Enquirer: 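One structure coming up, written as structure tokens, with questions to follow.
Lettering of chains follows the sequences in order, A, B, ..., and the numbering in each one begins at 1. It should be emphasised that the depicted structure is a prediction, and the values quoted were computed from it without experimental measurement.
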Amino acid sequence: MNPFAYSRPDSIDSAIDELVTEPAAKFIGGGTNLIDLMKENIEKPSRLIDINRLPLTDIVELPDGGLRLGALATNADTAYNPLVKERYPLLSQTILAGASPQLRNMATNGGNLFQRTRCYYFYDTSMPCNKRKPGSGCGALNGYNRIHAILGTSDSNPLTTCIATHPSDMCVALAALEAVVRVEGPNGERTVAMADFHRLPGNEPQYDNTLQPGEIVTAIDLPANGFAQHYNYLKLRDRASYAFALVSVAAGLELEGNTVTNARIALGGVAHKPWRKTEAEELLVGKEAVAANFRPVAEKLLEGAKGYGHNTFKIDLAKRAIVRALTEAVTMQKATPQ
Amino acid sequence: MQTTLSPPAPVENASAALPALGTVRLTVNGTAKTLQIAPWTTLLDALREYLNLTGTKKGCDHGQCGACTVLINGKRINSCLTLAVMHDDHEITSIEGLANADGSLHPLQTAFVDHDAFQCGYCTPGQICSAVGLMNEGQAKSEADVRELMSGNICRCGAYPHIVDAVTEVMGIEKQA
Ligand SMILES: Cc1cc2nc3c(=O)[nH]c(=O)nc-3n(C[C@H](O)[C@H](O)[C@H](O)COP(=O)(O)OP(=O)(O)OC[C@H]3O[C@@H](n4cnc5c(N)ncnc54)[C@H](O)[C@@H]3O)c2cc1C
Ligand code: SF4
Ligand code: FES
Ligand code: FES
């Protein structure tokens, strides 16, 4: 780790001020991603601004029937919160499918949004990586890319190529639930829809998200509809627990009898951001909730998918995972323990 | 409370920057300790290198193994991924703090011995602290829950079946046939 200064501001405003005055500084939440990256010399902040004592740990009901998750509530406190469990069981299940109990006790909801890719070449400072060092090339494109993206990649220009995935589980459920991120910065407050919070690599793979300099995430708002009757997070990975997703599916359905009236599907492990396609979801509306109707949805979601060798298996895996996730959401029975 | 430690270190020329020490007060196993350490000292290194509490182990140093598990205000965390300076008014409990004042062992320690729940023993302090945290959290109701909620602790010797036996016994959870 590089030497750095440490401060612990006592208000959101002073936290923002500190970051504006010292742009090379970084906020630290649970530290589970930032300290890991600092030990690898990938992140080298001049100062850590410890935001853990800011009053952003509450989970409170909103007047519109939604729920506000404080940016500094831990992943564990969020997953086990009675209101989250009752009204947003998809989110609870998804968070508990990620990392380990120790890590979930440390990780904050805000920090989870910002966790960086687990691409091996991003982590290895002796390798080229356009995300870590813009213009240096992409080690993964022709390297070992089993965990990499199959949708929304950038691969036409060697100097901007990036096929990394966003590794978060929580963000996949937040995308399916159409959560809204609350941000504060030098120019005041704004809200960002989950769909617009993370970005595709495009020509600037160094940017994972759309946060602006000096901004802090204060909360994540969940809309009233939690799809609590028919939901499922299916996470496929190399071992049953404590591993990142190869492919994951967050699904929420509303049914009248066996007819779908509303559907949400978001994919993890396949792109630089949680992958959603509303056209695919619309295909289901008014249809019977049976596998034969889920398959075209899977085809639609994977439209344009491209494999890079080691990760090509993910295309078929994702399609089958979507059908299985939706089938399990209808019956609320898991085929295997997760 | 506004807390500030050390002046900003020049990043451009990081190797030339002098380590800036600051005073950090940690409460470890019920005892208050004052340390002069740099902000980049992890809690794990503070325990092992500055407080001589070497029961807490360094396995991966990246949150991937659980050997460094300690309790902060009763909750288990990976001490390798947090900084000591972030915990100056927290209650930290390491494996050394689990036994009773009279020297008798914590029930989980006894159960690990009874069930032979280790081979080399390197993961054991982390396993036991993790199991204490598991019990404090109150989420595990079945053997399957115990397995899942102990998955943050890797045992390279593969003592898992005996670890599960020890933990389920202390928790009073029926073993599945
Ligand atoms: C071994 C291991 C396994 C893991 N497995 C999984 C897994 O299976 N699934 C999964 O989803 N995740 C997994 N994780 C990742 C983990 O979930 C993230 O590291 C965690 O959510 C990050 O949160 P944090 O509070 O610790 O962030 P920090 O490390 O504190 O911060 C991360 C980044 O976010 C910024 N930041 C933090 N809070 C804010 C805020 N409020 N506003 C603006 N910026 C902010 C920081 O400046 C920093 O750049 C794993 C991690 C490890 C180490
Ligand atoms: S995939 Fe992205 S993160 Fe990985 S090496 Fe290529 S540019 Fe870097
Ligand atoms: S040493 Fe901390 S998790 Fe491995
Ligand atoms: S007993 Fe050897 S690693 Fe667990």
Enquirer: Can you name the residues of residues 64-74 of chain B that have some heavy atom under 4.5 Å away from a heavy atom in chain A?
Expert: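 Those residues of residues 64-74 of chain B which have a heavy atom under 4.5 Å from chain A are B:Gln64, B:Cys65, B:Gly66, B:Thr69.
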Enquirer: Using side chain to side chain donor-acceptor pair (under 3.5 Å) as the criterion, list what pairs up with A:Arg116, not counting sequence neighbours.
Expert: A:Asp208
Enquirer: In terms of heavy-atom proximity below 4.5 Å to chain B, should A:Asn41 be classed as side chain, backbone, both, or neither?
Expert: neither
Enquirer: Go through the atoms of A:Leu48 and report whether side chain, backbone, both or neither lie under 4.5 Å from a heavy atom of chain B.
Expert: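 Only the side chain of A:Leu48 comes within 4.5 Å of chain B.
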Enquirer: How would you list, by chain and number, every residue that makes a side chain to side chain contact (heavy atoms under 4.5 Å, CB included) with B:Asp61, sequence neighbours excluded?
Expert: A:Lys39, B:Leu44, B:Lys58, B:Cys80
Enquirer: Using modelled atom types only, decide if a donor and an acceptor are shared between the side chain of B:Asp165 and the backbone of B:His115 within a distance under 3.5 Å.
Expert: no
Enquirer: Between A:Ala164 and A:Thr117, which heavy-atom pair has the shortest distance, and what is it?
Expert: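 Heavy atoms of A:Ala164 and A:Thr117 come nearest at CB-OG1, 3.5 Å.
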Enquirer: Under 4.5 Å from any heavy atom of chain A, what part of B:Leu83 do you find: side chain, backbone, both or neither?
Expert: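 Contact with chain A involves both backbone and side-chain atoms of B:Leu83.
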Enquirer: Report the residues that fulfil side chain to side chain contact (heavy atoms under 4.5 Å, CB included) with B:Pro161, sequence neighbours left out, ordered by chain and then residue number.
Expert: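 With neighbours one apart ignored, the set is empty.
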Enquirer: Is A:Asp50 close to chain B through its backbone or its side chain, or both, or neither, when contacts mean heavy atoms under 4.5 Å?
Expert: side chain
Enquirer: Would you confirm whether A:Lys131, through its side chain, and A:Cys119, through its main-chain N or O, come within 3.5 Å as a donor-acceptor pair?
Expert: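 No, A:Lys131 side chain to A:Cys119 backbone: no donor-acceptor pair under 3.5 Å.
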Enquirer: Would you call A:Arg104 and A:Asp169 a salt bridge, taking side-chain N to carboxylate O under 4.0 Å as the test?
Expert: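 No salt bridge links A:Arg104 with A:Asp169.
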Enquirer: Honestly, is A:Arg239 close enough over A:Tyr242, meaning NZ or CZ under 6.0 Å from the six-membered ring centre and within 45° of the axis?
Expert: yes
